[in-house]
Amino acid sequence: MKNLIKYTIISIGMALTIFCITGMGFDIAYGGNFSLNNYQFTKMVIGCIIVGLGFGLPATIYQKDKLPMPFKVIIHMGTGCVIYTIVAYAVGWIGGTSSIMHGIIAAILQIALAFAIWGGFMLHYRSEIKKMNEKIRGLKL
């Protein structure tokens, strides 16, 4: 339960941070004339929280020692990417008036960013494991 709460807070925080930075990028790109109508901002924030949960909650799969790592990654990233794609179409991040090429580019960027974040966490946890193992070896002497 503790890890579930931890993953939830981290994933929603990261999703909202990425959302805000991306929103600032669009605001700058459109010269300060970036506007949203019909509660579109609220829908996007709710979608962002859902995407955060879509990537964060399946991360609990890494607690299962009996599953091989590639299977864990497929479950985690597959679930997150599917949820992102559904939400992206629902709130207008992909599709709508944009071209198919924009959708493909957005999907590629989303998958690349998701794997970059996953890779960062993987490196962090491997480093932590290495430090713990070194401390354990030091205690045996």
Side-chain angles (χ1 to χ4, degrees), residues 1-36 38-141:
M1 187 65 168
K2 183 180 174 183
N3 282 332
L4 185 64
I5 293 169
K6 176 183 168 184
Y7 291 150
T8 299
I9 292 169
I10 290 171
S11 63
I12 290 174
M14 289 183 70
L16 289 173
T17 299
I18 292 167
F19 175 76
C20 289
I21 291 170
T22 303
M24 288 182 343
F26 277 105
D27 194 37
I28 291 167
Y30 287 106
N33 292 317
F34 182 60
S35 63
L36 303 170
N38 298 324
Y39 301 103
Q40 194 171 2
F41 180 78
T42 301
K43 292 174 189 175
M44 287 184 181
V45 169
I46 292 169
C48 183
I49 292 168
I50 293 169
V51 169
L53 292 172
F55 278 104
L57 297 180
T60 58
I61 195 75
Y62 296 108
Q63 304 300 316
K64 306 287 183 195
D65 293 332
K66 294 181 180 181
L67 294 174
M69 182 57 94
F71 191 64
K72 293 176 186 179
V73 173
I74 289 169
I75 291 172
H76 176 218
M77 298 304 287
T79 303
C81 289
V82 167
I83 288 173
Y84 171 83
T85 303
I86 293 168
V87 169
Y89 277 105
V91 301
W93 294 331
I94 300 175
T97 59
S98 62
S99 69
I100 293 174
M101 187 54 101
H102 284 129
I104 292 170
I105 292 170
I108 290 170
L109 290 174
Q110 171 258 319
I111 291 169
L113 180 59
F115 273 97
I117 292 169
W118 174 84
F121 274 101
M122 183 190 67
L123 291 174
H124 168 73
Y125 286 120
R126 279 192 179 170
S127 172
E128 291 294 314
I129 290 169
K130 185 178 177 183
K131 288 177 189 175
M132 289 187 323
N133 285 337
E134 288 172 1
K135 285 184 181 182
I136 290 170
R137 283 187 201 109
L139 292 174
K140 290 183 179 182
L141 297 175

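- Judged by distance alone, the side chain of Thr85 and the main-chain N or O of Cys81 form a donor-acceptor pair under 3.5 Å.
- Atom OH of Tyr125 is surrounded by more than 12 heavy atoms from other residues, nucleotides or ligands within 6.0 Å.
- Residue Ile83 holds its CD1 atom at 8.0 Å from CG of Leu57, rounded to the nearest 0.5 Å.
- The CZ atom of Arg126 lies 12.5 Å from the CG atom of Asn133; values are rounded to the nearest 0.5 Å.
- Gln63 is listed as a side-chain neighbour of Tyr7, based on a closest heavy-atom distance under 4.5 Å.
- Put simply, the side chain of His76 gets close to the backbone of Phe55: a donor and an acceptor are under 3.5 Å apart.
- Rounding to the nearest 0.5 angstrom, the gap separating the CG atom in Asn3 from the CE atom in Met1 is 11.0 Å.
- Taking the six-membered ring where the residue is Trp, Trp118 and Phe115 present perpendicular rings, their angle passing 60° and hence far from 30°.
- The structure places CG of Leu113 at 13.5 Å from CD1 of Ile108, a figure rounded to the nearest 0.5 Å.
- Once rounded to the nearest 0.5 Å, the distance linking SG of Cys48 with CH2 of Trp93 reads 5.0 Å.
- Between the Lys72 side chain and the Lys64 main chain, a donor and an acceptor come within less than 3.5 Å of each other.
- Lys6 pairs in a side-chain contact (heavy atoms from CB on, under 4.5 Å) with only one of the listed residues (Ile10, Leu4, Ile9), which is Ile10.
- In this structure, Thr79 and Pro58 approach most closely via the heavy-atom pair CG2-CG, 3.6 Å.
- Considering Val73, Ile75, Leu67 in turn, Val73 is the only one that fulfils the side-chain contact (heavy atoms from CB on, under 4.5 Å) rule with Tyr62.
- Here the straight-line distance linking atom CD1 of Ile74 with atom CD1 of Ile61 works out to 11.5 Å at 0.5 Å rounding.
- Across Met14 and Ile117, no two heavy atoms sit closer than the pair CE-CG2, 3.2 Å.
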